[in-house]
Amino acid sequence: MIIVTTNKTTAQQLAENLTTGDPLKPVFVHNNRVALAGVKTLSDDVLAPFKADIVDIITKHHTAIASSRDFHPEDTVITTKHSIIGGDHFVFMAGPDAIESPAHVMAMGEAVKKAGATILRGGAFKPRTSPYSYQGNGEAGLKAHRAAADALGMDMVTEILDTRDVDLVDQYTDIFQVGTRNMQNFALLKALGQKRKPVVLKRGMSATIDDLLNAAEYIVAGGNTQIILMERGIRTYDNKYTRNTIDVSAIPVLQSLTHFPVIADASHAAGVAQFVAPLALAAIAAGAQGLMTEIHNDPAHAFVDGAQALTPAEFSTLAAKARRVREVVQSDLVAQ
Ligand SMILES: O=C[C@H](O)[C@H](O)COP(=O)(O)O
Ligand SMILES: C=C(OP(=O)(O)O)C(=O)O
């Protein structure tokens, strides 16, 4: 049961009063509204003395509160050293799939920065389908990634796979990334909820929109409100021509339900370089507030996911078109 009150003092009393037998936890405070979440459903008698200040009682299972736009109407805008993410801003996160070497991540960083990216992506811990595939170069990769981001004046985003690595990755990165395969790794989400750094939360490849919002809720419930949601394609019945199916509709739907920035990764959605740009532009047309894109100077020899990597020149063209589409989406054009 979730109880929403308009009065912080009442909420306090309510929380204290109802602690016995059913600990109610204040999960979110915003604009003088406090949501209290507990396991049990409380009877009307118990709630009666507090009725005047209770604005909502939610008994529906699977309701995200702190992530909801009802509770937090304004867009969340996240500011990092080199980027502003969310609201009317548009951000490019780009780079190689995996950190291959210090020189390579530096060269890829230079290329994406030139095209307008402010966030350098790259994985040092790679979630691979097969245990025999390249798993990433761990801390050496994090160091190389950090050095490139610093030298170029960019932010760093990298994937975290394991709760045991949270503190290690935290030493290097500006933004954590939770990949599609870990969207419901609740231990990891709780651990990131304890951090005060942005988290890119990718949609699970078989996750519903509510699953994604509840995964975000795990992070916010810990006190970390800097979440960036990412649509990266879901599994559908046809994966012969594309790797996944980008759910373009999820972008405006998520933006209507939640205040967090919504960004798209067309690289993992398409799985094929040829289709990355059209899907990316479609995502922006649908309102995406940024793009994550993979690039490689020699896709045929990329350590991971070469088939979906754009060359630096292709990324530069996409970035220019992306800005144009974004301008149209944000313009006040009216029919003549
Ligand atoms: O970034 C990438 C992931 O590690 C990759 O897409 C997983 O793909 P795989 O199925 O080839 O391991
Ligand atoms: C593994 C990645 O993506 P996803 O989790 O979307 O597959 C990635 O971005 O490197």
Side-chain angles (χ1 to χ4, degrees), residues 1-78 85-88 178 183-184 186 189-190 192-196 198-199 201 203-204 207-231 247 249-262 287 289:
M1 174 180 231
I2 295 160
I3 302 171
V4 183
T5 77
T6 44
N7 183 319
K8 274 188 199 162
T9 320
T10 304
Q12 198 81 39
Q13 285 172 358
L14 197 59
E16 282 162 16
N17 255 277
L18 301 176
T19 299
T20 342
D22 181 19
L24 279 179
K25 211 170 125 213
V27 290
F28 202 59
V29 182
H30 185 73
N31 283 351
N32 283 330
R33 296 180 103 203
V34 184
L36 299 152
V39 180
K40 285 186 200 154
T41 300
L42 301 170
S43 69
D44 281 353
D45 289 356
V46 177
L47 292 173
F50 306 98
K51 268 269 154 61
D53 290 322
I54 293 177
V55 286
D56 208 357
I57 294 180
I58 301 159
T59 47
K60 207 172 81 189
H61 197 43
H62 293 168
T63 301
I65 286 290
S67 307
S68 146
R69 211 179 255 289
D70 289 342
F71 208 69
H72 184 303
E74 315 82 30
D75 280 356
T76 285
V77 178
I78 296 168
I85 310 156
D88 289 339
V178 175
M183 189 206 80
Q184 284 187 315
F186 300 116
L189 301 176
K190 283 180 187 172
L192 295 174
Q194 298 309 311
K195 295 291 172 188
R196 294 296 176 265
V199 178
L201 179 61
R203 180 177 180 182
T208 64
I209 286 175
D210 280 349
D211 291 340
L212 174 59
L213 291 176
N214 277 288
E217 195 77 11
Y218 266 88
I219 302 173
V220 200
N224 185 355
T225 56
Q226 300 187 75
I227 297 169
I228 302 150
L229 300 174
M230 191 171 286
E231 166 60 38
D247 182 4
S249 54
I251 296 164
V253 170
L254 281 167
Q255 287 167 331
S256 73
L257 295 173
T258 183
H259 46 94
F260 296 126
V262 181
Q289 289 149 297

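Each residue takes its place number in the sequence, starting with 1.
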task: Please answer whether the main-chain N or O of Ala215 pairs with a side-chain N or O of Gln184 as donor and acceptor at a distance below 3.5 Å.
output: no
Close side-chain approach of Ile78 to Pro261, heavy-atom, < 4.5 Å: yes
- prompt: Checking Gln289 side chain against Gly86 main chain: does a donor-acceptor pair fall under 3.5 Å?
  reply: no
message: Any non-hydrogen side-chain atom of Val77 less than 4.5 Å from a side-chain atom of Ile85?
response: no
- prompt: In Å, rounded to the nearest 0.5 Å, how long is the span from CG of Asn224 to CD of Gln194?
  reply: 9.0 Å
field: Close side-chain approach of Leu254 to Arg203, heavy-atom, < 4.5 Å
entry: no
message: Taking the side chain as everything from C-beta on, heavy atoms only, tell me whether Ile54 gets closer than 4.5 Å to Val4.
response: no
Interatomic spacing from OG1 in Thr76 to CZ in Phe260 - rounded to 0.5 Å: 5.5 Å
field: Residue pair Ile219 / Leu201: nearest heavy atoms and the distance that separates them
entry: CD1-CD2, 4.4 Å
- request: Would you give the length of the straight line joining atom CZ of Phe50 to atom CD1 of Ile57, rounded to the nearest 0.5 angstrom?
  value: 11.5 Å
Within-4.5 Å side-chain heavy-atom neighbours: Leu213 and Ile209: yes
- prompt: Can Asp75 and Arg69 be counted as an ion pair, charged N to O under 4.0 angstrom?
  reply: yes
message: Does any part of the side chain of Leu229, heavy atoms only, come nearer than 4.5 Å to the side chain of Thr258, both counted from C-beta?
response: yes
field: Beyond-backbone contact of Leu257 with Ser68, side-chain heavy atoms, under 4.5 angstrom
entry: no
message: If you define the side chain from C-beta out and look only at heavy atoms, does anything of Glu217 sit under 4.5 Å from Ile65?
response: yes
- prompt: Of all heavy-atom pairs between Asn214 and Ala64, which one has the smallest distance, and what is that distance?
  reply: OD1-N, 4.0 Å
Steps toward side-chain contact (heavy atoms from CB on, under 4.5 Å) verdict (Ile3, Asp56): CA-CA 6 Å; Ile3 302 171; Asp56 208 357; over 6 Å; no
field: Check: Gln226 side chain, Val199 main-chain N or O, donor-acceptor pair, under 3.5 Å
entry: no
query: Side chains of Asp247 and Ser249: do they bring a donor and an acceptor to under 3.5 Å?
result: yes
- prompt: Can you tell me how far the OH atom of Tyr218 sits from the OG atom of Ser67, to the nearest 0.5 Å?
  reply: 12.0 Å
statement: Closest non-hydrogen contact found for Ala207 with Met183 is CB-CE, 3.5 Å
